[in-house]
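Everything on this sheet refers to the single structure shown next.
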Amino acid sequence: MNFSPVILETAASDAAAGSTSSALMSMLITFIPLFLVFYFFIIRPQKKREKEEKEMRESILIGDEIVTIGGIIGLVVRQTDDTLVIETGGDRSKLRIQKAAVRDNITAMERRQAAAAAEKNASPAEVTKKESKKEKEKK
């Protein structure tokens, strides 16, 4: 048998190309579902929470009662583009904070509860219990 080096080299390169493409396909089959799981269980819910927090911070009005990330509860008395002045405590001390430091808008939450109670003709206490159960289920 007469095997020339060109024929052997061609056969070896074809076998290597076939194994490379099958390895690439197996990697894609593994990583695409993994990426989809990460997207639907981690990335998408996080973006949704960030969007809700941004909307909550943009909807703060003068007179709303808020809670900061540090746990300070106060009443909004002045508002600028990126800061709030809140009044805290019985001595009416005022603090200037960034809007990004707001964790909850208590007044807006109470408005939503009252609207839901009026819609369902239920007491606000019942609505609060239902919402707390829903929040626990989400976590």
Side-chain angles (χ1 to χ4, degrees):
M1 292 190 0
N2 188 3
F3 291 108
S4 73
V6 174
I7 295 173
L8 292 174
E9 187 177 302
T10 306
S13 67
D14 288 344
S19 67
T20 303
S21 66
S22 67
L24 180 63
M25 281 301 267
S26 67
M27 282 183 10
L28 286 176
I29 290 171
T30 303
F31 285 114
I32 288 176
L34 187 63
F35 177 75
L36 291 174
V37 167
F38 272 104
Y39 177 76
F40 284 107
F41 288 108
I42 296 173
I43 298 170
R44 188 171 171 222
Q46 179 65 26
K47 287 185 178 185
K48 184 179 178 183
R49 279 191 296 271
E50 288 174 359
K51 182 180 176 185
E52 290 171 354
E53 288 176 1
K54 183 180 178 186
E55 289 173 359
M56 181 268 304
R57 288 183 179 122
E58 289 175 354
S59 68
I60 295 174
L61 302 171
I62 294 176
D64 283 353
E65 187 174 17
I66 62 166
V67 179
T68 66
I69 293 171
I72 299 170
I73 300 172
L75 193 68
V76 178
V77 293
R78 193 172 19 188
Q79 182 175 5
T80 63
D81 290 338
D82 59 344
T83 62
L84 300 170
V85 176
I86 61 172
E87 189 174 273
T88 62
D91 60 351
R92 300 176 67 128
S93 59
K94 293 183 179 163
L95 297 172
R96 184 172 158 220
I97 62 168
Q98 291 183 337
K99 280 188 178 180
V102 177
R103 183 179 60 195
D104 291 322
N105 186 344
I106 297 172
T107 308
M109 192 173 7
E110 289 172 352
R111 282 187 217 129
R112 282 189 306 239
Q113 290 174 354
E119 182 178 298
K120 296 179 182 179
N121 291 328
S123 67
E126 293 174 5
V127 173
T128 304
K129 289 179 185 177
K130 289 179 184 178
E131 286 186 359
S132 64
K133 286 181 184 178
K134 287 180 185 177
E135 290 177 6
K136 287 179 184 177
E137 291 173 359
K138 288 181 183 178
K139 292 180 183 179

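Fair warning: this is a prediction, and the values are worked out from it, not measured in the lab.
Residues forming a side-chain hydrogen bond (donor to acceptor under 3.5 Å, both in side chains) with Thr80 (at least two apart in sequence, or on another chain): Thr83.
In the hydrophobic cluster analysis, where Ile, Leu, Val, Met, Phe, Trp and Tyr join through side-chain heavy atoms closer than 4.5 angstrom, Ile86 is grouped together with Met56. Under a hydrophobic-cluster definition in which Ile, Leu, Val, Met, Phe, Trp and Tyr are linked whenever side-chain heavy atoms come within less than 4.5 Å, directly or via other members, Ile43 and Leu36 are assigned to the same cluster.
Residue Arg44 qualifies as open at atom CZ: its count of foreign heavy atoms under 6.0 Å is 12 or below. More than 12 heavy-atom neighbours from other residues, nucleotides or ligands sit within 6.0 angstrom of CG on Asp91.
For the atom pair CG (Asp82) and CZ (Arg57), the distance works out to 12.5 Å, reported to the nearest 0.5 Å. Between atom CE of residue Met27 and atom CD1 of residue Ile32 there is a gap of 10.5 Å, rounded to the nearest 0.5 Å. Of the inter-residue distances, the one linking Ile66 atom CD1 with Met109 atom CE reads 12.0 Å to the nearest 0.5 angstrom. Rounded to the nearest 0.5 Å, atoms CD1 (Ile72) and CG (Leu95) are 5.5 Å apart.
No donor-acceptor distance shorter than 3.5 angstrom exists from the side chain of Glu87 to the backbone of Val77, with no hydrogens or angles considered.
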Please tabulate, for the side chains in residues 97-106, all donor-acceptor contacts under 3.5 angstrom to protein atoms that are two or more places apart in sequence or on a different chain.
residue: Asn105; atom: OD1; partner: Thr107; partner atom: N; Å: 3.4
residue: Asn105; atom: OD1; partner: Ala108; partner atom: N; Å: 3.3
residue: Asn105; atom: ND2; partner: Asp64; partner atom: OD2; Å: 3.1

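Contact record, Val76 with Leu84: CG1-CD2, 4.2 Å, taken as the closest heavy-atom pair. Of all non-hydrogen atoms in Thr30 and Ser26, the two that sit nearest each other are OG1-O, 2.8 Å. The two residues Ile73 and Thr88 make their nearest non-hydrogen contact at O-CG2, 3.4 Å.
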*side-chain contact (heavy atoms from CB on, under 4.5 Å) between Leu34 and Phe31: does it pass, once the steps are laid out?*
CA-CA 5 Å; Leu34 187 63; Phe31 285 114; 4.1 Å; yes
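Among Lys54, Lys48, Gln46, the one residue that satisfies the side chain to side chain donor-acceptor pair (under 3.5 Å) test with Glu50 is Gln46.
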